[in-house]
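Nothing fancy with the numbering, it's 1 onward along the sequence.
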Amino acid sequence: TAHQYNHSMATHKGKNQAIVFGKILEDPQKDALVWDVERGAPNKIMERPWQCCNCIGDWHYNNDTYKRNGYKSAATVVKLLVDIVSKNGNMLLSIPLRADGTFDEKEEAILKEFGAWMKVNKESIVGTRPWKKFGEGPIADSDIAINAQGFNDGQYTKAGSSEIRFTQKGNVIYATALAWPDN
């Protein structure tokens with residue numbers, strides 16, 4: 001890691017352009033590396049920025065996932081993103097491509113729906129910081145453990161409108177419900 005950072009400083013006129021990620025890090029390691037949580041998130045605001053790497057399906061294109069409609073919905077991707085950002089995280093979302101380098105029509109529909117949501121709501125995500133409390137609701141109030149390097153994102157498929165996440169930009173606080181309220 002030191003070599004990577006030193007090389008970056010030398011080749012970018014004294015400005016570090018390198019970021020090194022690691023999974024299953026202890027607190028002292030997080031001083032040098034960015035914590036990467038795979039398919040999950042901590043259940044609190046983290047002091048240091050971190051990353052969630054996730055995928056809408058399998059990590060590599062899988063025709064069986066396509067056939068059984070095994071992709072995350074755009075709504076689930078939105079729920080994950082909002083939760084992660086409210087805890088000082090960033091989300092790296094993988095869209096597995098077919099052998100010819102293209103995505104399929106189901107993936108395209110998810111991306112278009114997610115893009116439509118971002119077009120309306122990006123102000124509550126882009127350039128925001130966590131508020132003093134990341135959220136409220138049954139999931140926010142529970143103690144959801146990280147398994148090994150992550151793998152705790154399954155609860156977000158059923159997150160309802162009582163699940164709220166908070167972000168802020170300047171003196172503006174954004175409260176985002178993770179589902180459309182029934183009432």
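- For Asn69, the side chain to side chain donor-acceptor pair (under 3.5 Å) partners are Lys106, not counting sequence neighbours.
- Here Val172 is tied into one hydrophobic group with Tyr174, each link being a pair of ILVMFWY side chains closer than 4.5 Å.
- With sequence neighbours left out, the salt bridge (charged side-chain N to carboxylate O under 4.0 Å, His left out) criterion links Glu123 to no other residue.
- For residues 59-104, the set of pairs meeting the ring pair (Phe, Tyr, Trp, His ring centres under 6.0 Å) definition, not counting sequence neighbours, is empty.
- Partners of Asp36 by salt bridge (charged side-chain N to carboxylate O under 4.0 Å, His left out), not counting sequence neighbours, listed by chain and number: Lys23.
- A donor atom on one side chain and an acceptor atom on the other are found under 3.5 Å apart for Asp153 and Asn54.
- Every residue two or more places apart in sequence or in another chain was checked for a side chain to side chain donor-acceptor pair (under 3.5 Å) with Ser94, and none qualifies.
- With sequence neighbours excluded, the residues forming a salt bridge (charged side-chain N to carboxylate O under 4.0 Å, His left out) with Asp31 are Arg48, listed by chain and number.
- Residues satisfying the side chain to side chain donor-acceptor pair (under 3.5 Å) test with Asp100, not counting sequence neighbours, are Thr102.
- Residue pairs meeting the ring pair (Phe, Tyr, Trp, His ring centres under 6.0 Å) criterion with at least one member in residues 123-155, sequence neighbours excluded, are Trp131-Phe166.
- In this structure, the salt bridge (charged side-chain N to carboxylate O under 4.0 Å, His left out) partners of Asp27, at least two apart in sequence or on a different chain, are Lys30.
- For Thr128, the side chain to side chain donor-acceptor pair (under 3.5 Å) test picks out no residue, with sequence neighbours left out.
- Annotation: ring pair (Phe, Tyr, Trp, His ring centres under 6.0 Å) contacts involving residues 11-55, sequence neighbours excluded, are absent.
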